[in-house]
Structures are given as structure tokens and as C-alpha cells.
*Asks:* 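Before I ask anything, here is the structure I am working with.
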Amino acid sequence: MTMPLMKPRRKNPVLRTAQMNLPPWARGRTALGMTAAAAEGRFELQVCERCAAVQYPPRDACHRCLAARLVWTAQSGAGELLSETVLHHSNDPFYRERLPWRLGLVRLDAGPTVIVHLHGDVASPVPPQVDAAAASRGTGAPAPPHSGVRVHVGARLDRAGAAVLIGFPPEESEHMADDKMLREMASDPRFRKILVTDGKTAVGQALVQALVRAGAEIVWVGHAEPWKKLAGLDDITALAPVTLVPLDLSDGRSVAELAGEIGGKVDIVVNNAEVHRAFGIAARRGTDAARAEMDINYFGLLRLAQELGPALKARSADGVTHAAAWVNVLSVYALSNYPPHGTFSASKAAAHSLAQCLRAEMRPSGIRVINVFPGPIDDEWNQNLAPPKVAPAALASAIVKALKEGIEDVYPGDVAQEWLERWRDNPKVLERELAAGG
Ligand SMILES: [Zn+2]
């Protein structure tokens with residue numbers, strides 16, 4: 001059984017902070033299909049369209065019939081552990097710093113045998129009994145070994161952002177997330193110090209509450225106008241880990257000042273600050289509203305990333321509560337412009353593009369950038385929109401789940417899921433449908 005993680009001791013500030021060494025991350029183009037699915041929290045393998053054989057490792061032609069049409073398909077992950085190996089030595093710097101490390105060989109019920117990182121709660125397989133008498137009589141081929149240890153295989157992104165397979169116990173246990181190997185793969189909020197950039201909105205407040213429930217040690221909550229009393233703010237400031245900090249993303253000096261104060265301590269940044277006005281182009285004269293949206297949604301992210309990014313990167317190998325993740329609350333309108341919210345969509349598309357740049361720059365340090373694409377949120381700017389809308393609390397739990405499970409792209413809510421499917425199917429068709437009102 002996994003032992004619950006203990007709160008780490010205060011670090012000696014004189015000691016050097018360990019530098020990050022990434023696990024091997026080079027993958028071929030075909031194998032990146034597995035990474036793309038894992039980035040959204042799914043375990044997919046290729047399945048042959050002609051003979052239905054499940055493929056592993058990823059390849060260009062079916063291992064059984066050589067057909068070239070292999071389709072990425074979600075897998076249940078059910079399987080049996082055949083054997084385990086505990087590494088006590090490795091030439092790879094990442095694993096060498098994290099030994100001992102447990103690996104297993106799992107035969108999936110779907111067919112292939114895969115190598116997995118083994119969760120500590122998976123029992124060790126008993127070596128199969130060889131029937132020496134039957135073997136000496138030479139009665140037919142030996143039956144395949146059975147260990148009787150069932151495992152559930154899931155795909156996760158490792159610290160380098162590449163998909164790896166993990167063998168979980170078939171049933172969840174209480175402190176499962178505290179497993180040493182699993183904590184290396186994800187960005188669990190437990191005992192971490194987190195900055196939420198805007199506490200005045202319903203989403204910001206729901207986020208703070210969800211992060212505190214998930215065990216965050218400190219949650220700094222940004223407030224652009226700290227002299228103002230706002231609804232709901234007292235509820236979150238009453239929570240012990242919460243500290244209100246002045247932060248105005250439209251003001252470079254305000255961002256720099258906050259970074260100077262807490263930059264060396266933040267483990268997770270959640271950038272939820274946004275300006276949202278419901279206009280297209282013709283409905284409003286001038287560029288003030290569009291500029292305000294751009295100034296927070298795009299330039300705000302840029303200012304924050306420039307000031308907080310370097311400190312975050314420097315602390316990505318800093319013990320069990322190392323700096324881990326950067327979350328951007330974007331919008332599903334970033335994929336394709338929704339004309340009634342046209343300028344807002346444009347600012348989120350710009351932020352999405354910048355977030356991809358941030359992800360590429362953070363990856364060598366092992367910091368995960370999580371982009372969240374909610375559909376319309378149940379707030380004042382979508383008041384006239386018919387449901388379904390994403391409730392702030394549901395959005396907050398989707399973000400905490402993504403941190404815990406190491407998911408990189410999150411599309412919370414039915415609307416976001418449906419848009420994503422239509423966009424994947426044909427972006428041009430979606431553009432026409434949105435121009436015609438959805
Ligand atoms: Zn085939």
C-alpha cells in the first residue's frame with residue numbers, strides 16, 4: 001500500500017537546487033499518436049482495419065496482415081502482469097537519480113505485451129510453476145505462464161511530455177497518487193505552492209477552493225484591485241492556505257513585483273485572468289474593448305510567462321514538491337471564431353498560439369503546460385446563452401484532475417467536447433456553422 005506523502009521539510013537555502021534531467025523523449029512520428037491521445041488522458045493503440053489486430057509498439061503496417069490502415073483506438077488497459085524488474089542501476093541520468101525504479105511486462109487482454117512503469121500498489125507476480133515432468137515427456141507446447149496479478153494499464157505523459165505506459169492496480173487505493181513514480185509523471189497539487197492569477201471571478205474562486213481541497217500548501221490569489229471588497233472573496237481568504245496578492249496582468253510592473261516576491265517559491269501557475277466582452281466587429285465602434293481583451297488574455301500571459309517562467313524552470317527538479325505545471329484557461333473559441341464573441345475569440349486564439357510557444361520552451365525543463373479549452377462558462381458574459389454551460393466548480397475540478405493525471409489538453413463540458421469533435425472532423429464546416437449561429 002502506498003504510504004501517504006509527508007509534508008517535506010523546509011529546504012536549506014544554501015544548498016544547490018538540483019538540475020532537471022529529462023527521461024529519453026525522442027519518438028518517431030507514428031509513435032507520437034500515442035502521445036497525442038495521452039495528452040488528452042486516453043490510452044490508445046493502433047488497430048488494424050482489415051484484421052482487427054491490436055498493434056504495439058506503434059508501426060506503419062499491421063504485424064499480422066501487413067495492411068497499412070491502422071486506426072488509433074481507445075483501449076480498456078486490462079491485462080495481466082507477467083513479470084517485474086526493479087532497476088537498481090541505470091546509465092540514464094533521469095532514472096539514475098530516481099532509483100530504485102519498478103518496471104513490468106504486461107500481457108494486455110487485447111493481445112499485445114507491453115512494458116510499463118509499475119505502480120507500487122501492484123503485487124509482485126509469483127514465478128510460474130514449471131511442470132518438469134510434463135516438460136520432460138514433451139507433451140505439446142507449454143501453456144503460457146499465468147501470474148494471476150491483474151493490472152490496469154494507462155497512458156501518461158512523463159516529465160519530457162512523451163507518452164509512457166503505467167501499470168496501475170485494478171482497484172484504487174487511498175494514497176495511490178502519492179506513489180513516487182506517479183508523482184514524477186503528474187503535477188499533483190498536494191503540498192504544492194500555487195498562484196491563481198485572478199480571485200475575483202466565480203471560476204477563480206472555484207479554482208482556489210478545489211486546489212485547497214486537493215491539498216495545496218499555499219494558494220496565492222491575484223487581485224487587481226485589492227482595495228475593493230468583492231462578493232465571495234471573504235470565503236476564500238478565510239481558508240488557511242490562501243493569501244491575497246496584488247496582481248494586475250495589464251501592468252508589467254505589478255507582474256514583476258509579484259514575481260520578485262514569490263517567483264522563487266511558486267510550483268504551479270494557474271492563469272485564469274481574462275477579459276470577456278460579447279462583441280463582434282460591427283456591434284461596437286473603436287478598439288477599446290478588443291484592446292482590453294488582448295491586454296489581459298494575450299499580453300497578460302506573455303508578461304506572466306516572462307516574469308515567472310525562468311524561476312519555475314529552475315526549480316523543476318527540486319524534491320517531491322518540485323515546480324511542476326503552468327495552466328492556461330483558454331476557451332474553445334480559440335479553435336474557431338465564434339462571431340457573437342468575435343474579439344474575445346481572437347484574443348484567445350492569440351493566447352493559444354503563445355501557450356504552444358510556452359509549452360515548447362518549458363518542455364526541456366520538465367514543466368508541463370496545460371491548456372484548458374472550456375465551452376461557454378456559466379458567468380455574466382454568457383448570461384443570454386442557452387445551456388449547456390460549464391459551471392465554475394466543474395471547470396475547477398477538471399483542472400485539478402488534469403494536474404493529478406498529467407493531462408495536457410483539457411476540453412471541459414459537453415459544448416467543448418462537441419466543438420472539438422466538429423473541428424477535428426472539418427474546421428471549414430465548423431466555421432460555416434458558427435457563422436450561421438452555431
Ligand atoms: Zn491486420
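In this chain, numbering begins with 1 at the start of the sequence shown. Every number for a ligand or one of its atoms is a count from 1 in the order of the listing. All figures in this text were calculated on a predicted structure; none of them were measured in a lab.
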*Asks:* Counting only heavy atoms from other residues, nucleotides and ligands, does the tally under 6.0 Å from CH2 of Trp72 exceed 12?
*Replies:*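 Check passes, neighbour count above 12.
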*Asks:* Taking 4.0 angstrom as the limit, do Glu184 and Lys180 come out as a salt bridge?
*Replies:* no
*Asks:* Counting only heavy atoms not in Arg291 (residues, nucleotides, ligands), do more than 12 fall under 6.0 Å from its CZ?
*Replies:* no
*Asks:* With a 6.0 Å cut-off on the ring centroids, do Phe279 and His341 count as close?
*Replies:* no
*Asks:* Do Phe373 and His352 have their ring centres less than 6.0 Å from each other?
*Replies:* yes
*Asks:* What is the number of protein N/O/S atoms located under 2.8 Å from the Zn ion (ligand 1)?
*Replies:*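 Those protein atoms number 4 in total.
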*Asks:* Measure from NZ or CZ of Arg96 to the centre of the six-membered ring of Phe94 and say whether it is under 6.0 Å with the direction within 45° of the ring axis.
*Replies:*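 So Arg96 doesn't make the cation-pi contact.
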